[in-house]
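Letters go in sequence order (proteins before strands), and every chain restarts at 1. What you see is a predicted model, and the numbers here were worked out from it, not measured in a lab.
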Protein chains: 2
Amino acid sequence: MFIPAKTNRISSNIVDQIRKAILGGDLKPGDRLPSEKELSQQFGVSKASLREAFRALEALGLLEVRQGMAGGAFVTEVNLETARSNLFNYIFFQNPAIHEFTELRSFIEPAAAEIAARKASPKDIRELEQNLERTRKKLDAGPFYYDLDTQFHHRIASITGNRLVCFVIDSLKNAIVNIKLELELDQAFSVKVFEAHKRIVEALRNRDPETCRVEMLRHIREVDEMMTACCDAEKPFVA
Amino acid sequence: MFIPAKTNRISSNIVDQIRKAILGGDLKPGDRLPSEKELSQQFGVSKASLREAFRALEALGLLEVRQGMAGGAFVTEVNLETARSNLFNYIFFQNPAIHEFTELRSFIEPAAAEIAARKASPKDIRELEQNLERTRKKLDAGPFYYDLDTQFHHRIASITGNRLVCFVIDSLKNAIVNIKLELELDQAFSVKVFEAHKRIVEALRNRDPETCRVEMLRHIREVDEMMTACCDAEKPFVA
DNA sequence: AAATATTAAAACATCTGATGTTTTAATATT
DNA sequence: AATATTAAAACATCAGATGTTTTAATATTT
């Protein structure tokens, strides 16, 4: 019925105005806003209020303020890092169960893998093979390394050429790694992941979309089982 | 190789510290930080710098600062609205093609619909039928209404009980509506959407997951075609 | 002439302290 | 008991002083 009453802070007002100008196309990435002094006069507010607005816009990733003679406030495209970080703030509080991550991943990643099997270039395949090789080398180095795993899934996602798909897969992986993770995953886990990755690349190399899809689904479910088992065993979380 | 050099602004430092305290569990939603005066002394910075940090944390949705005697800075859970808005900032610049939206949706929504057909409670179905009824009433009222459409897809997503799925579907819909939208979609479009929704609810009512999935996929592809055609025709965008 | 060092200015960064506004809780009044 | 008043806590805003960074222009050296 009613909409939550808004803040009437001057800085919010300025944030809204500038954000709208950006989303409305009046301000474009690279554009420089007038200096603090000028802009505060234009808005009819103090420098302090304007600066508070700048800090908010920077947090959103819409602005970058640089010091120095050729400095100032520049409009920027929101970068991936900022977007993922801001999304993470939300997911953190949702604290989804592993099966929620798994379910969503099982919708997206097998489908993406299927498409990747059709689209992958020789270079794509080479990069994935490199990833496998690096993973293999780390296999008996003890703890599970998330970096190469994250990279593996990222590469496959990016073969689809769909930036939204890529972003979601990345963000999910990132969130799992940062929230659920640091479960003490043993070497058996690493090996299973490696074997699954191998089968997926194999299917990709064979240009076999259906197998690629199936193997990815199997991989995701297998990881789910292992992580869930690990959680249930109440192995220590390391924040 | 190298990581982009970071700002060394005092406010960023404070933002990082407080964000980490929240994500690390030292600060929980509802907790009140010390007053500006106290905190600025603890950090050894001026009130102005602290306030800049507060504005950034508010933009991230992690803090809510209230005026008045019982006011102060309170830790908050990032709410859906903030998360969607922040994600939108990113998607806006990516400006994905309609087919990118469609592709991702076609991964998620049919799968969600399939699950919804298994899980839907009588209440869920009643609400969807209400949505249909309202949509029907607006059918010949002229322009396409996004509200009920958005609600329809949201309801189905939420039946899955998976908050991540729900969030992604919501956010995609929201982004389409705000970026691509305001294409001049004609009544034929509205009718096709309505018919598709009807078929989906029908399948849901019959507890027929497979049909539900197929119909959702068909719906999404159909909408894609119509929107693409509308774009190609270069019908006017209304910002 | 080219390379290097110096300097000045533009623009942000931070601090201080004064004043205003909001909100709540305690108190006084009806 | 209900209502009105008031005081205090805490944020909101402003003005202005001072510091730091960065760049561009200038001067100096090779």
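Under the Watson-Crick and G-U wobble criteria, each requiring two contacts below 3.5 Å, nucleotide C:dT30 is paired to D:dA1. Both distances falling under 3.5 Å, in either a Watson-Crick or a G-U wobble arrangement, place C:dA25 opposite D:dT6. Pair check for D:dG19 finds C:dC12; Watson-Crick or G-U wobble, both atom distances under 3.5 Å.
Comparing C:dC15, D:dA17, C:dT24 by their closest approach to the side chain of B:A70 singles out C:dT24. With C:dC12, D:dA12, D:dC14 as the candidates, the nucleotide lying closest to the side chain of B:V65 is D:dA12. Residue B:R32 places its side chain closer to D:dA10 than to any other of D:dA10, C:dA11, D:dT23. In this structure, the nucleotide among D:dA17, C:dC15, D:dC14 sitting nearest to the side chain of A:S49 is D:dC14. Relative to the side chain of A:M69, the nucleotides D:dA10, C:dG17, D:dA24 differ in distance, and D:dA24 lies closest.
In this structure, A:I14 places its CD1 atom 8 Å from P of D:dC14, rounding to the nearest Å. We find that CD of B:E36 is positioned 14 Å from C1' of C:dC15, with the value rounded to whole Å. D:dC14 atom C1' lies 9 Å from atom CD1 of A:I10, rounded to whole Å. To the nearest angstrom, P of C:dC15 lies 13 Å from CZ of B:R9. Counting to the nearest Å, the P atom of D:dA12 and the CG atom of A:L50 are 17 Å from each other. Atom C1' of nucleotide D:dT13 and atom CD of A:Q41 are separated by 16 Å, given to the nearest angstrom. At whole-Å resolution of the value, CZ in A:F54 and P in C:dA11 are 12 Å apart. Here the C1' atom of nucleotide D:dT13 and the CZ atom of B:R51 are 7 Å apart, to the nearest Å.
Without hydrogens or angle criteria, A:S106 side chain to A:E103 main chain gives a donor-acceptor distance under 3.5 Å. Judged by distance alone, the side chain of B:K119 and the main-chain N or O of B:I159 form no donor-acceptor pair under 3.5 Å.
Residue contacts shown for A:R66 are limited to sugar-phosphate atoms, with no base heavy atom under 4.0 Å away.
Scanning atom types as modelled, no donor and acceptor separated by under 3.5 angstrom connect the side chain of A:Q67 and the base of D:dT22.
Of the listed residues (A:N174, A:D170, A:N131), just one forms a side-chain hydrogen bond (donor to acceptor under 3.5 Å, both in side chains) with A:H154, and that residue is A:D170.
Residues B:R163 and A:Q94 share a closest heavy-atom pair of NH1-O, 2.9 Å. Residues B:E58 and B:V65 share a closest heavy-atom pair of OE2-N, 3.0 Å.
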